[in-house]
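As structure tokens, the structure follows; a few thoughts come after it.
Any value given below was found using the heavy atoms of this structure, including those in side chains, with hydrogens, waters and symmetry copies removed. Order of the sequence lines fixes the chain letters, A, B, ..., with proteins taken first and strands second; residue numbering starts at 1 for each chain.
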Amino acid sequence: MTTPTTTAPPERTVTLREIGPARRGTRPDEVVVALSPAFAGHFSKTIVDVPHAEVLRQLMAGIEEQGVTARLIRVRDTADLAAISHIAAKMSGSGISVGILSRGTTMIHQKDLARLSNLELFPQSPLLDAPVFRMIGSNAAQYAKGESPQPVPTRNDQMARPRWQAKAALLHLKEFECIEADRGPVEVEAVFGPGTAG
Amino acid sequence: MTALTRDDYPLSINRPELLHTPTGKPITALTMDAVVSGELSAEDLRISPETLQLQAELAEASGRPQLAGNFRRAAEMTAIPDADVLAMYNALRPRASTGAALAELADRLETTYSAPVCAALVREAAEVYERRDLLARPTGDDD
Amino acid sequence: MTSTAPRQSTGHQQSLRTEILEARSVNLDGFVEEWPEKGLVAMESAFDPAPSVRVEDGRIVELDGKLRDDFDFMDTFIANHAIDVTSAEESNALPSAQVARMLIDPSVSRDEVLAVTRGLTPAKVLDVVKLMNVVEIMQGMQKMRARRTPANQGHSTSARDNPIQVAADAAEGALRGFAELETTLGVLRYAPLVAIALQVGAQVGRGGVLTQCALEEATELELGMRGITAYAETISIYGTESVFIDGDDTPWSKAFLAGAYASRGIKMRFTSGTGSEVQMGNAEGKSMLYLEIRCILMAKGAGVQGLQNGSISCIGVPGAVPGGLRAVAAENLVASMVDLECASGNDQSFSHSAMRRTARAMPQLLPGTDFVCSGYSSVPNADNMFAGSNFDTEDFDDWNTIQRDFQVDGGLRHVREDEILQAREKAARALQAVFAHLDLPPITDDEVVAATYANSSNDYPFRDVLSDLKGAQSVMERGITGLELVKALESSGFHDVAENLLTVLRQRVSGDLLQTSAILTADFVPLSAINDPNDYAGPGTGYRLEGERWEQLKKLRHVTSSTNPETEVG
Amino acid sequence: MSTRDDGPTGTRLVVGVDIGNSTTEACLAEVGPDGSVSYLGTDLTRTTGVKGTPANTAGALTAIRGALARGGRGADRVATVLLNEATPVISGLAMETITETIITESTMIGHNPTTPGGEGLGVGTTVSIAGLGTAEPGQPVVCVVPPGWDFDDAAAAINTAVAGGAEVVAAILAGDDAVLVTNRLTRPVPVVDEVAAVEKVPLGMLAAVEVAPPGRTIRTLSNSYGLATVFELDPAQTRQVSPVARALTGNRSAVVVRTPSGDVTDRRIPVGELVLRGAGKTLRVDVDAGAEAIMEAVARAQPLDDAHGEPGTHVGGMLAQVRDTMADVMDTPGQPAVPVSEIAIRDVLAVDTFVPAEVRGGLAGEVALENAVALAAMVRTSRSRMQLVADLVSEGLGAAAVIGGVEGEMAVNGALTTPGVDRPVAVLDLGGGSTDAALLTREGECTAVHVAGAGELVTKLIDSELALGDREVAEGVKRFPLAKVESFFHVRHEDGTVQFFDQPLPPHVYARVVVLSPEGPAPVPTRHGLDHVRRLRREAKRRVFVVNALRALRQVAPGGNIRALEFVVLLGGSALDFEIPDMIADALAPYGIVCGTGNVLGTEGPRNAVASGLVRAYAAEPVRSGPAAPVR
């Protein structure tokens, strides 16, 4: 499958610079993107080797293309996707957030929803590639604008189980290891490495 | 009547005379003619508490005390309407009920439905839930 | 990008042989290293507790190194309900090797083993099976399986939830030998029509086949209570307290539900399996098998007659770690050795490799289990709404051949094409008549023809889904029950099918199918661990594939005649 | 109850049964020797099989038993079952798209992406991004970016070229990257994106790219003289490009490429003829002439004897199928086939509609609203098999069953039980497949007609005009009011009022336009706003029900004069709709007619008119003729 990155072979990298404690936003035109404890830190790519730099670029690009601002936070005290996403939604000026785990599992959340609910969930991390992350970002931004985006089509693959189920469990356990209890979420800035011009 | 033994199983073949529907019909009355003529209702195809007690005896006789216990709880539950059964099940989910609510449920099982075995199960759950912090907190806290 | 693209080469020059090996389907499977501290380990972990038990005043006060005050709810439930207090201290004092030897020793009867196992703690059970290699596990299974006669279960679903397909495939599946048939839905609201189709089709194929429709509890229970389905098995339990709570249940809520099903005369088994806890990230540092043993004993304590286990939907996890399939075989054995009916997995897409898929089933197929597969896909896997099974319709002839090769009974048989076509056609006709009688959206003759010759859901004309869903809703609103189905079949001339269904419904009144490992034979005799107990006592005893059944299983699609080698028999 | 169960001699228990297209209704009553009527109970069930065929028996028996159960009477007491004289009516629907928009030589891009970048107008020569480096300095160029280019890379390449002297005035992108690229340009330019087939944009041609500010529409490229100015066109050329300008009207962004003979055409698709026979004439009308022309022809051929469509067209196929279905229904094994002359199309309703369709030759999946004609047709036969149904009912119930009256007459009869109604009265039965009208004059004469087109056509129009592709959703849009879910705790109804909820709404309806079905809000999968959906829904209902109400009433009104009517009673399933009765009443108001939804027996609403009409007719008869006899 063609991805927007095929013409840019040099792999982009990202480092996350901590800015300070994450705060509740007031801008109605922002989406908070919440990263799991090991995202772009202990881990550098998803379960199917999509670089975290690319995941983040595409999520943020999807949001920016809709004219909405992305704000990044890192959640450190849990690796539960629903919790990560819900914390972010509560901090988002628009009430909309995107939460993402290191292995790629992603969720769009909204502040008024119950924690275990969500607007859109992408549970099959092996099936998420760069274009899907772009669409997720775009949809989150559209929700923030009060529009009605068509849900990102979810895919399914019966043979994902034999190939990825155990690795997913392993990545999940590793992410758990990176949890820093009692440390609140921090606001971060993404600094992209080589390959970018902007 | 003497207690059932393994040789009585299957009751539908070896002891049909013991089997009745909750409406009091013998199992042999469940014929095609009866279906076609409209004599039978869905109620006629339910199991009766007496039959569950018989199956409990068989389970006991086959060395399966836990299975027998389940049949005894089931015999009690035949009296409980479908919706109530599901509501009681939901009440037993983690953090779904306060200790008082579970105590009340156990009392209701005992008094309204004459279901002491089920009541005992609920009381045991209430005790364990309290120790394991699985009772509903009195005030809502959804975060 | 597909999730199962071949691995990318490293860029270094590879040998031609490596290229061939890299291209083998087994290399599309995923494998991981163990991590025992986190429970990512099959059954050999230094972090599992050591066995211990102490009884005071008829109460277990210490279990596997924990005192009662420190019990979590699994410990509590198991101590209160699963373990026989009177024999616990004595049984646990037996050396594990001795118990393991009892399991494989033909001169020790199944009942004698049960007298010991009913008192064992989870850690002790683990200690025992850890001593056993896979051949010994199979030998144990051969004796400890509850029902003497092995059987099999099929999945009958449709990617389009097409009831006619489900009816035709159910009839074929029943004819091929499945004792139980299970369905589920893509669009849940279709459930009433598909459940009716499954029931009608099954009773056309072979009277007495039991059916179920996997749904959320309320609807599943309702369909069962109405006699549209006959049993249930998707009641999940988990081995750690935290994962159990994540599933919004406790051992007590599930035990209550078990009573609810029995109170409506519905056969029911729980579901659990290795890997589910670590998959959810809360294995609490225990091996997969240890946690599964806790599930098995919890099920035992709840008083359900049986358990579906063998990793089930988490098979990718034990399948990826060393010794994983030995643990899966062991969990089936443990269910059987505590006297539960065991529907032994082999029911989910497991491997890209045909060789691995086959090997995975051997520890269940060779010794025989109560249900070798708890869902052999009797539809093409693309139509399997349980996300694909380890075996599907394409494997029918392979399965039959393996049964014949090893002279083992995996519950299926080869059936001649004309018989299959006849059954499929009759099932579709019967459903057509039932739908007409119940004033449900009509089934056309074209659909009947399609059903007769179809392979997958793509081979059927499109249904008017809107009308079907309205019809499905009306089934629920009008309170249609199994009785109405009997009437519809009887009044439209399908007397034999009507009788079959009525006999199945009558069984609910007797409760005979509630006993351990119960199925219904073609003669409508309930066959359970009570009247068909496993009496294996060494060579020449127990269930043997012989006589008429063996003659059936000798038949394959193509067998050259020995009397006239220019022709084929069958 | 005015009588005892075993009441005075001469009291008879009767059941009126109305077998309709979709529902079968029963009305149980005791009729005294003096003709007095005590209603005991009613019931309603789904009709089994096609109306007027033996398959109706099952549903009829169900309804009779239901009414008996409600009335607390046993079947053995029934003296007579009265069935309506129902003739089978089968309807069919078809749609033909009659226009097609074609873009040649990739001359324009007008798909209106949601997020174009930059603002303003850029005119230059099209150059691929890979060739920017060789672009001549000072020559304005429009940069074309093929799929696969990352937005960062594309912006960098353009910035580099600009730094090197290239004059990039606009860009056309394959991906959804316009804002991203614009945000990264040192010198922002208008950018149009999501042009899927960007590789088909002719290179080396003069092109104009225009992007309007948010909330505005383009001004230059949608104006023929603007195009003329940009491309320096002469009057003849200007005339030629005017369709392009028209096609781009209302867009926020657009691209026009000047190619030697590029064009946008709006072609009519010949879809064949409709042949109408009636009133001694045979009229031919092209289906692509549109609904107005067709309906004018239909009106001239009244009463219609039959209609045919051209084989191989949707309309031809539909008409043939309706006829065949009726033939199948009417054929009885062992009896000669029903003559084709008895199976004739007796009415046709044509409705103009539009279908969103992808434009041929478009580069970005442009969708044009193409014109289409929807047709409903109806066939009814004079041959009824109700006597057979009556025999079967009689056998099944063990009571006499007779055909008690003609449907339309009975409906009026029943409608008269609506409080406040008097003769002359017309009823409009708003059904699924057909709209029926009947008139009872002051003198007691009755006339009845069926016209094609009713609820199912409305559903089809909604389905295709909203491009839903899902009849269930369309049905929901038809039946239930709309709302917009504005937060998890409130919705704004289509009338603007706000409703709050204590419990959060389900996530799948968040921010969506929903229909408020009894099972809760259900999302309408459309990008259109609530107002658009509402307008379209009401227009579909108007074009079918209001048009048919007037059409049918004209056919029964004395001298075709609607003003001659006094009371119009609405009956049938669609009379329960939340807005159709009001729409019809509004349309009839100028004629000085009292119009409203019926309330049969003062309790049944628009239901049970025929069944209770049968009972009333029966009660009126025995006084004169004694034993039960069919009412003529």
Worksheet item: When heavy-atom pairs shorter than 4.5 Å are enumerated against chain A, which of C:Gly388, C:Ala382, C:Ser349 gives the highest number?
Response: C:Ser349

Item to complete: Name the orientation class of the two ring planes belonging to C:Phe244 and C:Tyr238 (parallel below 30°, tilted from 30 to 60°, perpendicular beyond 60°).
Response: perpendicular

Worksheet, complete the sentence: Filtered by a 4.5 Å non-hydrogen cutoff, the part of residues 308-319 of chain C contacting chain A is C:Ser313, C:Cys314, C:Ile315, C:Gly316, C:Val317

Discussion item. Measuring from atom CG of A:Leu59 to atom CZ of A:Phe133, what distance do you get when rounded to the nearest 0.5 angstrom?
Written reply: 6.5 Å

Item to complete: Can you label the angle between the A:His86 ring and the A:His109 ring as parallel, tilted or perpendicular, going by 30° and 60°?
Response: tilted

Worksheet item: Got a donor-acceptor contact below 3.5 angstrom from the C:Asp459 side chain to the C:Ser456 backbone?
Response: yes

Worksheet entry | Lys/Arg-Asp/Glu bridge criterion (N-O < 4.0 Å) met for A:Glu147, A:Lys145 | yes

Worksheet item: So what's closer than 4.5 Å to chain A heavy atoms on C:Val32: side chain, backbone, both or neither?
Response: side chain

Worksheet item: Taking 4.0 angstrom as the limit, do C:Asp29 and A:Arg161 come out as a salt bridge?
Response: no

Worksheet item: Where do C:Ala214 and C:Thr184 come nearest, in terms of heavy atoms and distance?
Response: O-OG1, 2.7 Å

Practice prompt. Between chain A and each of C:Arg356, C:Met280, C:Glu33, C:Lys38, count heavy-atom pairs under 4.5 Å; write down the option with the most.
Written response: C:Lys38

Discussion item. I'd like to know if the side chain of C:Glu277 and the backbone of C:Gly239 have a donor-acceptor N/O pair within less than 3.5 Å.
Written reply: yes

Worksheet entry | Gap between atom CG of C:Leu28 and atom CD of C:Glu22 - 0.5 Å precision | 10.0 Å

Response to the item:
Here the pair of heavy atoms bringing A:Val32 nearest to A:Ile73 is CG1-CG1, 3.9 Å

Item to complete: Using a heavy-atom cutoff of under 4.5 Å, enumerate the residues of residues 172-190 of chain A that contact chain C, numbered in order, or state 'none'.
Response: A:His172, A:Leu173, A:Lys174, A:Phe176, A:Glu177

Worksheet item: So do A:His52 and A:Thr46 actually touch side chain to side chain, heavy atoms under 4.5 Å?
Response: yes

